[in-house]
Amino acid sequence: MESERLGNWLKMHRARLNLTQGELAERVGVTRKTINSVENGIFVPSTVLALKLSRVLQTPVDDLFYLHNDEL
Amino acid sequence: MEEHMSRLEVLSKQRPVLLLLSALAFAAWQGTELGFMHSEISDETGLARFIAPVAITVWICTSVGLLAPFIGRRKLASEDEMTRYNRLTAFNWGYGIAMIAVGAALILASRTDWPAIDIVRLILIAGVVAPMLRFALMELRSSDGE
């Protein structure tokens, strides 16, 4: 699941809502470490987690994640 | 809830450290049981007699520390998808290492007169320690600060 191709704007949208990694983690039901890893591109989240993040951050999934070099 | 989360945070930070210690202790303990190690670490120094009990003690303590959080409700919260992914990757990796060890054991068994118990013990060490180290390193890598 590690990938260099998936980028994200998680940190920006989280900051917009004044949420810490821990608070966001709590709301989507994962550990803070997982949020940190997703933000840093170490871990690619499942579709379920991406949708939960999208819901909590009130942002479409497409605006949270993107493919580098616009692949596909 | 906040206290619960910070407890989880502590647990998820402790886990890789305990795993590392546990893996090293297991390797040290089993390593002292190898026949050629007995001849290397002679009775003059008594090193084997010192290492083995210390390693076993560390292994038991770290194993208890690793298993304790699994008793109770904390398990569900600390077992999120990244942890499961890391564990699966580590097991796959460990399987590969164990297979390499089996191949090496086959060569050793056919070309040397090493006792079978030592060769099997080496496979055991590789098969147990490799996934633990890999999982610990993956967890450490993802536990950097905000």
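Chain letters run A, B, ... following the sequence lines, proteins first, then strands; residues in each count from 1.
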Establish whether [X] and [Y] are linked, either directly or via other cluster members, by ILVMFWY side-chain heavy-atom contacts under 4.5 Å.
| X | Y | result |
| --- | --- | --- |
| V102(B) | I100(B) | no |
| M12(A) | I42(A) | no |
| Y85(B) | F91(B) | no |
| W59(B) | L24(B) | no |
| V38(A) | W9(A) | no |

Pairwise distance [atom1]([X]) to [atom2]([Y]) - rounded to 0.5 angstrom:
| X | Y | atom1 | atom2 | result |
| --- | --- | --- | --- | --- |
| M138(B) | F43(A) | CE | CZ | 9.0 Å |
| K33(A) | L140(B) | NZ | CG | 8.0 Å |
| M82(B) | N36(A) | CE | CG | 8.0 Å |
| D80(B) | S46(A) | CG | OG | 10.0 Å |

**Asked** Do E81(B) side-chain atoms and P45(A) backbone N/O form a donor-acceptor pair below 3.5 Å?
**Response**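 Looks like no, no N/O pair under 3.5 Å.
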